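Predicted model, so just to flag it, every value in this text is computed and none were measured. By convention in this document, chain letters (A, B, ...) are assigned in the order of the sequence lines, proteins followed by strands, and residues within each chain are numbered from 1.
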Amino acid sequence: MKIVQTARLNPSRSDGLAQVGRKIALVAALGLFLSPITHSRPLSDQEPPDVLDNKDCYFIGSFTQQKSLSGLSTLAESAGQFIYSCDRGVIWSTNTPELETLVLKSETTTSKAIAYRLVDGLVERLKSRQSRFLTELIMNLMSSDQTGIASSFTAEKNEDGSATLVPKKRQLKRAIKKISFSKLTDKQFGVGQSGIRIVIIDRNLEKTVIEAVRTPLLEPSSLESCVEVRVPEKACALFFSSLKVS
Amino acid sequence: MSLFKLSELAHFYVAVFTCLLLITIGYSASIQGRFVIDTGLADVAPDIVKSEHARDAIDSLRRNIEKRMLLLVTGTDEDVVFDALDQLSGLLDESRSVRILPNQDEMIERLFAELEPYRFSLLSEQQQETLEQSSIETITNGAARSIHSMSSVRVYPFNQDPFGVHSSSLIDLLQTLQSSADNAAQGDLTHQTLSLQVIGDAMSMKEQSTLSQELDAHIQAVLRDHDVTVDKSGVFFFAAHAAQESKQDISLISGISTAGVVLLLLFVFRSVSALLLPVLSVLIGVGFAFVATHAMYGNVHVLTIVFGASLIGIVIDYSLHFFYHCAADNSSGDSNEHNALFRALLLSLCTSLIGYAALSFSGLEALKKVAFFSCCGLMMAWLCVVCVGPMVVRKGIQSKPAFLEAAVKGMLSVVTPLTQRVSGYAVVIIGVAAVSTGFAFKIFSDDPRVFFTAPAALIESEKKVAEVASDYEPGQYVLLLGDSIDEVQARFGEVQRAIVTHTDIPSTSLSSVLSLVPSSAQQRLAYVSQEKLYGRDGAIHSLAKEIQLDADVVESISQQYHDANGLSLTPSVIQKVLGESLPPMWFTSKSAFVGFVLIKKGLDANRLSFALAGVDGAEYVNTLSKTRTALAEQRQSATSLLLLAYILVSVLLILRFKTFKAAFMVCVPLVSSAMLILCAMVFSFQLNLFHIMALFLVLGFGMDYTIFVREMGQHQAKTLQAILLSALTSLLSFGLLSLSNIPVVASFGTALLVGNSFNLVGAFVYSQQTVLDKNKVIEYGK
């Protein structure tokens, strides 16, 4: 009940800057699929960092998020799970303390991408031009299309080995100042696991830090495996096409 | 003292002439020759709305639009397009003639920043409803949870919008500014636009020349350095092109007609001194007209100058008659002939003034200026002839060539067989044929394109820019009028409801600055509702406890809410915030408010017009259609005024000659006008408002000829030679007007070419009839 009230006080938009806001989340999500930035070549618009060297077609993972907001003396912390499938798309699900899930699906027939948002069991399809732009951008990233990322961001490599993406396109610029990516080195990982830290500075210079660990899957994920990693059932059903949303 | 005796009034005319001449020189010196030549198309377009406030609003918008231009950079490589845009921006950034306007992003950012104090008065309907239904606890918990959300964006920092309400309401509100035709990639091409504003007077020929050259140079530099195309859009480019064409026309018409007339006069009089009076009268007449018009209106429209060039044709007539009837017989000192000449000159001036003055009844500002310009020019040239003429003709100027005499004899031999009865029948037949043609055939056209024919390349460029950078129908909008902001807003609501009810057009197809401003009642309600958030017992206090929000944040935002009490967002605030970035879509005068509503492309104009028919205070304006209607109305009105001018001239003639038969003198220009209609049918061209306007001058010329035939009847041969020579000079200047590239000018010239040719024929026929009349009198006398 409380969630519904919140959603109505801050109603979701079918267009406009709210969509751009979602990009923060989605761009953060896409960061999880970027490989640790270790190369030493100079970066340029024409030659983006080799952060898209994603050889895994399927993987799952978990993340933690910390937001520092002006006027708030403590960090706002949350956590959740994500799933990636090269032939289906992405699920990004926050479950602690709030429940909000983003589902990005690739339409194989039309080669277009569709975005959904689930809050409190309610599904909303994001139909705006900006959403289309964003999902196309992410699909480019998923398919290791470096030209795609170079068209949206200017990439800069930092001395500490991290990389920074600065938006070039106005839709992104309105929401994000910059995004930094670096490899997680201070955590213990299991076999095949890797971690990444993503720092997003938004238009108000408020900072969001996401740390994520991913585990590759040898076989395609299924509806069952999706539910197992505590992603809402409805989001999984949507992801695996057993739920139709107009 | 008689008005018709030159000798008795000579000193008076000389005094007036000298005074006007000194004033002209004084005015020119005072503005140091900085004359403004206007090229705007507004003057030649009729008013399309009746309300004075609406007209003011449209004028204000037009003036702003005239200064705006858009450059579209297109290329296949996005980086190259951005580089080209950067280079163009850099070059234009240093320009003193033009400034770069903020783009859509900058406008939105500016609104976010400037509307911050008004955020407490802005809530969407959904937010309002939710806020009213929610408890403090629900709101607090919702806000506490939303800080973790990945899908919310905060326009304002958290400490200014802890509930996220203002971000949502602002985003919601500003959606109307989001253009679907935003600069973006379309297909394989990338487009970027650059909005510019002319700093000086965009309609000034001087500014246009400087800026056009500067822009072309910068664009050429960009095209050299990058593989892109640059398209231009804006009234400026059309006006600059029209001005350039007009300038060429002025040079061509003035140059060739002056040269032609000079050569003709030299050939006829074989004396350089014969040029003195015509040249002097033309220079002084046109010069005075220019200065007087500039002093009266603050500028002179380029079309006025083009028409003014035609004054040469009329002004020279005075000199020619002076030479034929004064100079030729100077030695004889025939004072009766001098007085008869002066009477004819004065009457001729009066009829021409009536003809030109009738133009001032036109609704078109440009024609009013032409009327003023022409009347001033004619009067001053006339004064010049009667004041300076006697000094010039002392040297003795005589017409030499025999061809004029032979031509007159030849023409007379043609018209001699015409009896009065035959001539009368001819007049009736031509009149009936013209009227029948007018009713039976579609010989009139009110196409607004008569004002200007733009080159195809310019139109293509304009279309391309509109396709990429504009969501709205060009030249179409809904005009909302009201006595208060709330009334205009209520009407905007009615318009939205009406189109939803009567058409399948969504209300979002209409865009206005009003979309950004809730009604004052809604704003008040929104403010009061937010007491629940920021008031003494508001959710801000419980949220502060829940998420450890800093106390100074709570105090600050509560204070901001308190300070915003009574603060109301108005369209004027939006207009002020956006400044030059947005054309003045909201107009405020002392007693009225006018808002413009733009219409998305592709809407059915007829259905929209039908839907809005019942909405009071809302007017759907389709500029093209309205201009066509207004031109038709103007044409009909001009036709009525022409008939009035004929009546006034007839009355003047009856009063002068003290016989009702004198009124028949108007048959000459009347038949000439009728012949224009018949020519239009035979040669398949359509008549427009400007043909009708030219018929006023046909009346003036026709009356000149018949008056001289009547007044100077005792010197028929000389009079007809002077008329023939004057007709040749007139046809030379007006004939050239018909070759103009400007349709308006060409229409004017064609009508005068046809009309005045038949005026000449009519003058000879009338001359023959006056001879027959005299013979009758002699026979009766016997």
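Proximity to chain A is limited to the backbone of B:Tyr156, based on heavy atoms less than 4.5 angstrom apart. For a residue to count as touching a neighbouring chain, one of its non-hydrogen atoms must lie under 4.5 Å from one of that chain's; by this rule A:Thr74 touches chain B with the side chain only. Of the two parts of A:Gln66, neither the backbone nor the side chain holds a non-hydrogen atom closer than 4.5 Å to a non-hydrogen atom of chain B.
Interface check for chain A: of the options B:Ala144, B:Pro162, B:Pro157, the most heavy-atom pairs under 4.5 Å are formed by B:Pro157.
Residue B:Leu549 holds its CG atom at 10.0 Å from CG of A:Leu69, rounded to the nearest 0.5 Å. Remark: A:Glu206 CD to B:Ile147 CD1 distance equals 11.0 Å, nearest 0.5 Å. Distance check: A:Asp202 CG to B:Phe158 CZ gives 12.5 Å after rounding to the nearest 0.5 Å.
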B:Asp550 vs A:Leu72, test: side chain to side chain contact (heavy atoms under 4.5 Å, CB included). Steps then yes/no. CA-CA 6 Å; B:Asp550 295 347; A:Leu72 211 57; over 6 Å; no
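By the 6.0 Å contact criterion, NZ on A:Lys177 is open, its count of non-hydrogen atoms from other residues, nucleotides or ligands being 12 or less. More than 12 heavy atoms of other residues, nucleotides or ligands lie within 6.0 Å of CD in B:Glu132, so this atom counts as buried by the packing criterion. In this structure, B:Glu106 places its CD atom where more than 12 heavy-atom neighbours from other residues, nucleotides or ligands lie under 6.0 Å away. In the displayed structure, B:Asp552 atom CG is contacted under 6.0 Å by more than 12 heavy atoms of other residues, nucleotides or ligands. By the neighbour-count criterion of 12 heavy atoms within 6.0 Å, atom CD of A:Glu77 is densely surrounded, having more than that number from other residues, nucleotides or ligands. In this structure, B:Asp563 places its CG atom where more than 12 heavy-atom neighbours from other residues, nucleotides or ligands lie under 6.0 Å away.
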